[in-house]
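Reading through the structure tokens given below for one structure.
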Amino acid sequence: MRSAILGTGFYTPEKILTNFDIEKMVETTDEWITQRTGIKQRRIAADNESTSDIALKASLKAIENSDIKKEEIDYVIVATVTGDFLFPATANVLIDKLGINNIPSVDISAACSGFVYGLELADALIKSGKYNKILLVGAETFSRIVNWEDRTTCILFGDGAGAGIIGKSDEDNGILSTFNSSNGSKARLLFIEGGGSYKPFSQEVLKEKSMYVKMNGREVYKAAIETMYEAVKVSAERAQVGIERIDYFIFHQANKRIIDSIAERFNIPQEKIIINLDKYGNTSAATIPIALAEAVESGKIKKGDIIALSAMGAGFTWGGAIVKL
């Protein structure tokens, strides 16, 4: 028995924040942001829009596109580091909004790698025979944890959600392989120091603004190239699929220069790479499912295509998968 992605959906908030808007907030320029990252704009959640709200909209699209009823879902996984609450899990909130309580639901905190981490878990749960249809969502409202006075980070992130239904398949399609890994010694290169049990929220945390994202950009950049390259290489080997047989590559949408560097190593033609970071920025765990769902919706990715997924995130975490739709 093989598991497969039965359908996908995505949602991005209506508000657009362009590089020109950011020019008015911090000392930077549209030209610099574009050259260094490839990002031109990003979406920002409305004040009354939480992570579970945008996850709900992406989920409903995925359910519709999978041609199933929501009551058929028997497990929900939400990949996020910007949940509605410290606890309960955003997945718990989501099942209530979907009206499908009394099933297992859990959050995965693997930052930008969250969706590929969730894909491996969903694949194993389906193959165990205990579950039939799993809703997997990557959803983030990163605008809530970014310091909009810090030009090294505020230019990068946006909000959005992507979702997929993972279920059994007797056809030739399916999740052909997965690979996940992590290195906790790199945790402080990309993290939020304040607000957790290590440094509980206080006046000191508020004053030093340690409840916002901090990043060592140079080290994260180098690690992203190495780990995302490894994720594709290992996933392809496990699937016994040559790189030349892969129809499309969806890398975590963080920085176009990172994606170009990995593509050059594999000698991947640009037409095989899905890019949408220019429109949405880095939406963390949501980048891969948004890019996948958007490419499917536009008709670029079609049934039968073989797709490589690869991501790296805070932790450090990284992972990949080879999927045949």
Side-chain angles (χ1 to χ4, degrees), residues 3-13 43 45-145 159-169 175 178 180 283-290 292-293 296 313 321:
S3 71
I5 300 176
L6 306 181
T8 58
F10 76 101
Y11 169 78
T12 55
R43 299 297 181 95
D47 291 343
N48 62 347
E49 215 169 24
S50 69
T51 297
S52 66
D53 290 327
I54 64 175
L56 174 64
K57 292 178 180 179
S59 299
L60 291 172
K61 285 187 177 182
I63 292 166
E64 179 183 356
N65 291 335
S66 300
D67 196 26
I68 68 167
K69 296 178 180 178
K70 63 182 181 180
E71 290 78 15
E72 295 179 59
I73 296 169
D74 47 13
Y75 206 112
V76 172
I77 302 168
V78 175
T80 187
V81 291
T82 55
D84 287 22
F85 313 109
L86 285 176
F87 67 88
T90 299
N92 300 156
V93 182
L94 178 59
I95 62 170
D96 187 49
K97 289 183 176 181
L98 282 168
I100 53 171
N101 282 306
N102 302 313
I103 61 171
S105 59
V106 66
D107 283 3
I108 291 180
S109 178
C112 304
S113 307
F115 190 82
V116 290
Y117 262 60
L119 195 64
E120 181 167 89
L121 176 58
D123 179 49
L125 289 170
I126 293 295
K127 288 176 178 175
S128 75
K130 291 183 66 176
Y131 301 98
N132 296 306
K133 292 182 175 63
I134 296 174
L135 170 62
L136 172 60
V137 188
E140 304 281 16
T141 49
F142 241 77
S143 62
R144 307 287 164 79
I145 60 169
D159 303 334
I165 301 295
I166 318 300
K168 298 175 183 177
S169 176
I175 298 169
T178 58
N180 289 321
T283 56
S284 185
T287 70
I288 285 180
I290 289 174
L292 175 60
V296 170

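When reading the values below, keep in mind they use all heavy atoms of this one structure, side chains included, and skip hydrogens, waters and symmetry mates.
In plain terms, the two heavy atoms of L135 and S59 that are nearest each other are CD2-OG, 3.6 Å. The two residues P13 and G160 make their nearest non-hydrogen contact at CD-CA, 4.1 Å. Residue L98 comes nearest to K70 through the heavy atom pair O-NZ, 2.7 Å, listed as atom of the first residue, atom of the second, then distance. Of all the heavy atoms in A321 and L119, the pair that sits closest is CB-CD2, 3.7 Å. In this structure, I165 and A62 approach most closely via the heavy-atom pair CG1-O, 3.8 Å. Between A285 and F115, the shortest heavy-atom contact is O-CB, 3.6 Å.
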Evaluation steps, side chain to side chain contact (heavy atoms under 4.5 Å, CB included), between I126 and I175: CA-CA 11 Å; I126 293 295; I175 298 169; over 6 Å; no

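By the neighbour-count criterion of 12 heavy atoms within 6.0 Å, atom CG of D67 is sparsely surrounded, having that number or fewer from other residues, nucleotides or ligands. Within a 6.0 Å sphere centred on CD of E72, heavy atoms belonging to other residues, nucleotides or ligands number more than 12.
One distance of note links CD1 of I100 with CD1 of I73; it measures 4.5 Å at 0.5 Å rounding. With rounding to the nearest 0.5 Å, the separation of CD1 in I290 from OG1 in T283 is 4.0 Å. Between the CZ atom of F142 and the SG atom of C112 there is a distance of 6.0 Å, given to the nearest 0.5 Å. One finds the CD1 atom of I77 at 11.0 Å from the CD atom of E120 (value rounded to the nearest 0.5 Å).
Remark: side-chain polar atoms of T51 are not paired, donor with acceptor, to backbone N or O of A139 under 3.5 angstrom. No donor-acceptor distance shorter than 3.5 angstrom exists from the side chain of K97 to the backbone of L56, with no hydrogens or angles considered. At least one donor-acceptor pair closer than 3.5 Å links the side chain of D159 to the backbone N or O of S143. Looking only at distances, no side-chain donor or acceptor of S105 sits under 3.5 Å from a matching main-chain atom of V76. Proximity of a side-chain donor or acceptor of D53 to a complementary backbone N or O of S50 within less than 3.5 Å is detected. Without hydrogens or angle criteria, S66 side chain to I68 main chain gives no donor-acceptor distance under 3.5 Å. Between the side chain of E140 and the main chain of T82, a donor-acceptor pair closer than 3.5 Å is present. Under the 3.5 Å distance criterion, the side-chain polar atoms of N65 are left unmatched by any main-chain donor or acceptor of G7. Listed for the K61 side chain is a donor-acceptor partner under 3.5 Å among the backbone atoms of F10.
Under a 4.0 Å N-O distance rule, the pair E49/R43 does not qualify as a salt bridge.
Contact check for N132 versus K168: side-chain heavy atoms found under the 4.5 Å cut-off.
Partner of I54 under the side-chain contact (heavy atoms from CB on, under 4.5 Å) criterion, out of T12, V137, T141: T141 alone. Just one of T80, T90, N92 meets the side-chain contact (heavy atoms from CB on, under 4.5 Å) condition when paired with S52; it is T90.
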